[in-house]
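Note sheet for the following structure.
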Amino acid sequence: MANWLESAVARAESGDLVNDCFVGKRRQALTLLKQQAWPTRKVEAWKYTSLYPLQDKTFTIEASNDTAALSTVIDGLESIDLIFINGALQNIPSELPVGLSIASVNDSAEAWAVETYSSIKPERHLFGLVNDVLASDTVIIDVAANASIDRPVRIVNVLSAGHESHSRVLVRLGNNAKASFIEQAIGNESSFHTAFVEYDLGAEAELEHYRFALQTQDAMAVGGCHFNLATKAQLNSTLVGFGSVLSRLDVDVIHAGEYTHAKINAIYLLDNQEIFDLHTVIEHAMPNGSSEENVHGIVADQSTAVFNGRIHIHRDAQKVLAEMNNRNLLLSREATINTKPELEIYADDVRCAHGVTIAEMDKTALFYLQSRGVSLAQAQVMLNFGFINELVDQMPNQILAQWLRPQLRERFAQMEVK
Amino acid sequence: MLSIKNLHASVEDKLILKGLDLEIKPGEVHAIMGPNGAGKSTMGYVLSGKDGYTVESGTVELNGVNLLDLEPEERAKEGLFLAFQYPVEIPGVSNLEFLKASVDAQRKARGEDDLSAKEFLKQAREACKKVDLPAEFLKRGVNEGFSGGEKKRNEIMQMLLLKPKLCILDESDSGLDIDALKVVADGVNSQRSPDRSFIVITHYQRLLDYIKPDFVHVLADGKIIKSGDASLALELDAQGYGWLTEQREGDEA
Ligand SMILES: Nc1ncnc2c1ncn2[C@@H]1O[C@H](COP(=O)(O)OP(=O)(O)OP(=O)(O)O)[C@@H](O)[C@H]1O
Ligand SMILES: [Mg+2]
């Protein structure tokens, strides 16, 4: 029963295991990984998302630069770019703002990095372990205490046909630091990549975060963003996913200090037989924290959306305010939405609210638009857009919002109401 | 302009329009009155092509074009406009975006270029002013949280911007305060012209003091049972519909 996972383990064992300062953690991950079986649909974490498309696939592992056709440009955005092409990290920008440092671990890492690496990302993520053992070129980004970095840092994974890659970034925001990070993957041809980023937010640090999982069609991606929030740290995250044959994102937010705040806005837009699977876990470990999660999805044709939103309020985490809301628009009777809120509350003085709605497109609104001369197709785009735009409007970076909107429109134009 | 002949239409297998006839010439204003549930709104929906309304028989032509063969948006492009009795709320779509999409779609149908955002905004602001809606309403979601009267004024504003040939106003006066009634009536009157016609559906003779109709029809049980001039509305106001329906039953017996 050889499958993709076994070959990955074999690869790691046969000497591919990167021998850098993280090798101890990598060995640990390998041990854990070897105990894992290929997840079938009986495994809870993969209940609605089949790994079948990946199961027997083999890819080219050597990085190569055949991605000329894929543009990574975001118009008008002045960002600091870290670009992984089929897994190979391109040049680290040399001129960096004061307070920001970026290093690849080939250069050796500081003690904090060795300690933090793989400690924010929970062990339960199978592909996180895969990433532990296979990601070379780990990038360490440090934002100094009190620094406020205006230019966003962008982490881009570019994948071309037939490639497999694993990228890994570790970010630290010092106390009272402010920064903005954008994670992005590009390339719709058959490929597979895992991209995991860990963020360690110091006291009163503020992180503005985006993850655009806009690969579609045959591009497979499994990844995660994992955040640790110290006292009074604040996270504002926007996640956008188009589905593909396999697209899975795990988000973990650990409220490790008091008075932390996390806001997560997530959008998914699925078409054809694509799948997008978002698992979020909010850990309120300390009192007086708050979290607010809004997830809006539109599913068309025979696509499948999975949203698993877990909120875990620990026993001592009194006075926590946690809200989670998942709204779905179903454009076809053959599309599927698997949405599951999981609330585990052990503290008694908390406010926790959650809601799920699944609606079909409002036919009277469609008719109203048509009666004014707007074509059915355009009316559908407008209504879809209206459903999502609320969250796009809330993106703190409006250049990104402007870049995103036409892509959403194009996506909507392809999605049919049945 | 508009010719409806022997129109029969049903909703959910229930026959609502039962042989409706109506001829409207360019420039005319026709008022339609009639009891609740008579089929007045149904007529508006059938003419504009709403899903779920099935035409069983009869014909509808607008300036020689068979309306019944067309999609709702194509009917709008032929110059048909329905001011809804119950305008629809569309959160997330701004009124301005909605209006621009509507105007652009109709300009495109006429082979004209899209208006620039600036020029459009200017026109939209003027239209707002005409119906006494603050310009802030352009930024809000379509009809979202609008009061009953504000929704009606928003409908008239759309009519001002779209400049249709045949306007059906379905109870555009209901729920309006006296000042708003005048605003709506002024809006309509400002659009009266020799090549534009109106069907004004109302329950109240009072509106017709402001919008003077050329003809008044009574629609009851799915067809026009009486037509007359403006004085018919006064008669109805004084006596209700009872005498008409009794008279008709007498005729039929
Ligand atoms: N979807 C529907 N299913 C069943 N019956 C319907 C439906 N829509 C309308 N009707 C019926 O059709 C009839 C005509 O309704 P319509 O709205 O046209 O009346 P109206 O003349 O506009 O009345 P009003 O003066 O109260 O506005 C009513 O009896 C109504 O209940
Ligand atoms: Mg009515």
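So you know, we letter chains A, B, ... as the sequences are listed, proteins then strands, and number each from 1.
At a 4.5 Å heavy-atom cutoff, the contact between B:Glu155 and chain A is made by side-chain atoms alone. Interface remark: B:Val142 contributes side-chain atoms only to the contact with chain A (heavy atom separation under 4.5 Å). Contacts between B:Asp104 and chain A at a heavy-atom distance below 4.5 Å are absent for every atom of the residue. The contact between B:Glu97 and chain A is made by backbone and side chain atoms together, counting heavy-atom distances below 4.5 Å. For A:Glu390, no part lies under 4.5 angstrom from a heavy atom of chain B.
More than 12 non-hydrogen atoms from other residues, nucleotides or ligands lie less than 6.0 angstrom from CZ of B:Arg110. By the neighbour-count criterion of 12 heavy atoms within 6.0 Å, atom CG of B:Asn66 is densely surrounded, having more than that number from other residues, nucleotides or ligands. Within 6.0 Å of CD in B:Glu126 there are more than 12 heavy atoms belonging to other residues, nucleotides or ligands. Within a 6.0 Å sphere centred on CD of A:Glu78, heavy atoms belonging to other residues, nucleotides or ligands number 12 at most.
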Worksheet item: Step by step, would you call B:Asp51 with A:Phe367 a side chain to side chain contact (heavy atoms under 4.5 Å, CB included)?
Response: CA-CA 8 Å; B:Asp51 234 17; A:Phe367 172 64; over 6 Å; no
Worksheet item: Yes or no on side chain to side chain contact (heavy atoms under 4.5 Å, CB included) for A:Leu376 and B:Glu73, after CA distance, side-chain angles and deciding distance?
Response: CA-CA 8 Å; A:Leu376 178 63; B:Glu73 61 267 33; 4.2 Å; yes
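Distance check: B:Lys50 NZ to A:Leu366 CG gives 11.5 Å after rounding to the nearest 0.5 Å. For the atom pair CG of A:Leu369 and OG of B:Ser102, the computed distance is 7.0 Å after rounding to the nearest 0.5 Å. With values rounded to the nearest 0.5 angstrom, B:Glu71 atom CD is found 13.0 Å from A:Ser371 atom OG.
A:Arg372 contributes a side-chain N or O that, together with a main-chain N or O of B:Leu82, makes up a donor-acceptor pair within less than 3.5 Å. Between the side chain of A:Gln378 and the backbone N or O of B:Ala101, no donor-acceptor pair lies under 3.5 Å.
Across A:Gly373 and B:Ala105, no two heavy atoms sit closer than the pair O-CB, 3.2 Å.
In this pair, A:Tyr368 and B:Phe84 present their aromatic rings perpendicular. The plane angle is above 60°, beyond the 30 to 60° band.
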